[in-house]
Amino acid sequence: MIYIVSLLNDYLEENMRQSILFIPTLKEVPSDAVAKSHQLMLRGGYIRQVTAGVYAYLPLAYLVLRKAEKIIEEEMENINVPEMIMPHFLPATLWEESGRLPKYGPEMFRLKDRHGRESLLGPTHEETFTEIIGKNIKSYKQMPIALYQIQTKFRDENRPRFGLLRGREFVMLDGYSFAATREQLDKQFDDQKHAYKKIFKRCGVEVYPVIANSGTMGGKNSTEFQAPAAIGEDVIATNETGTYSANLEMARSIDTFSPEKEELKPLEKIATPDCATIEQLSEFLHVPNTRIVKSILYIVDDKKVLVLIRGDKQVNEVKLQNALDADSEPRVATNEELLSIVKATKGGVGPVKAAYADYIIADETVKGLYNVVVGANESDYQYINANIDRDFKVNEFADLRTANAGEPDPVDHLPLKFTTSIEVGHIFKLGTYYTNSMNAKFLDQNGKTQPIIMGSYGIGVTRMLSAIVEQHSTDNGIFWPKEVAPFEIHIIQMNMKNDEQTVVSKKLEEIFSDKYDVLYDDRNERPGVKFNDADLIGAPIRIIVGRRVSEQIVEVKKSTVQESVEMSLDSLTEYISKELR
Ligand code: ATP
Ligand code: MG
């Protein structure tokens, strides 16, 4: 037994030696990598691409991934959510039941088995969980419960890019909750939100929980966790105190323009040649853009929807889709469609006598405007002095505009600031969307059959790795937050031929391995090579064992600090326990 334990120790110790760890670092910045995190993870020998959007996680990346997973496991345990694992390979019939098969489209990796049965590789697992829980839960007494898994997902993204940020195969934490009442769901959602905040904090990711698009299920039901980063594909709008934060798709702002009440003037049609833009029109007519109402014809779920918005504002199509409760994304009518439907080109479209429109919806900014300019449903002609109700009807007013930076937020009226960011997580009150379509029902306290109330919760674990690197790096190196660093201490022996240095390095390795993850650079390489690699490996603490070791002195460098400091071997233990506490 003792023999086995010591063998195991040898093995573990050996594992920390850089000479046998596969870390294929690169000197050059890979030309095909745009994102800083992608470049650093390739240069640092963390990952290699196998095919577009599909990566091998080499030992360094795998160490970080395992640490992030361990943090997730601990935080899920803290909120009493057990882990399990679902298959990757799924029958298409599950997705037919939920109705998502056609909607999911080409992002789904589909295949047929030898009997010709339609199958797929799971891009997410709402259906699979709903099916199994629905079949096995019969009573309110069995709820609330929640489950999670950490699993590889497959999505045939149109443009996989930025390394692990948008892959076609990636690791996701996905959790699902099942409740008998709305109150139970609210509690589950809050627990998950709390756990997610802790996970991101421990992983060292700065995140904003933001109001996110939950389609037709309502605004408060979905929160995204957004990590600010230059490469981020999302934009979030926040105020400085953090009392309001939303994905730009959903962000609201207060309109500061207040029109004055005016006498209604007679409607008049006038020629406006060569006015292709609002600016040109405003100049030509000598009116401010706030007196012009833009009319845009959208095709939404096969309906012709005329959207009105004040000339200084832009339409937010996510808000439009939600306001209309539409299944499909709104699409602006093409020029050909305009010519056949309206008999006018873009600038001539307007709400007066617009019988072609199935529905007219206007942004709130249009309310209270007087004597406005609108298209006359004739190319190169506008009406001036058009007025709501007298000259045209609006079926519905809604917030349809894109918020602008600097506008007051809707909570505390502080200026909105925009930041690009990476969506690292998303939690969602699904309600009964899946359980209704998949017939997952239970008997409530009164013996009545009800659909189970669901929530779903996800973190892109491999995407998070990239987000960590984006937030904790320079162009030449990574400084990993200590809980997810592949190694906490990196011992660098300057001269492998110096026996004294070898003895001290090994001793330090032995002492610190007890408590910390230690990497010992025992390679016969020049110091320059070792330091460059160490910058990419990014351990929080670097101990350089060099010339002055005969005087019991080594150099210590924190990854976040440019300079190293000399330190006696005596004070090392205390220093490290303080730094890595
Ligand atoms: P996106 O808008 O970025 O495509 P999504 O809305 O499709 O994301 P979800 O379906 O909510 O994402 O998936 C949960 C989490 O999985 C996301 O918050 C994100 O962190 C991660 N994720 C989604 N797609 C990818 C991908 N292609 N590569 C890596 N991680 C991803
Ligand atoms: Mg997506």
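Each ligand, and each atom within it, is numbered from 1 in the order the structure gives. In this text, all values refer to a predicted model and were calculated from it rather than measured experimentally.
Remark: the Arg252 side chain and the Tyr244 side chain contain no N/O donor-acceptor pair separated by less than 3.5 Å. In this model, a donor atom of one side chain and an acceptor atom of the other lie less than 3.5 Å apart for Tyr176 and Asp174.
Other residues, nucleotides and ligands place more than 12 heavy atoms under 6.0 Å from the CZ atom of Arg48. Shown here is Glu329, whose CD atom has no more than 12 heavy atoms of other residues, nucleotides or ligands within 6.0 Å.
At a 4.0 Å heavy-atom cut-off, the residues surrounding ligand 1 are Arg155, Glu157, Leu164, Leu165, Arg166, Gly167, Phe170, Met172, Glu423, Val424, Gly425, His426, Gly460, Arg463, listed by chain and number.
Under a cutoff of 6.0 Å and an axis angle of 45°, Lys153 and Phe170 do not form a cation-pi pair.
A salt bridge between Glu75 and Arg202 is present, with a side-chain N of the basic residue lying under 4.0 Å from a carboxylate O of the acidic one.
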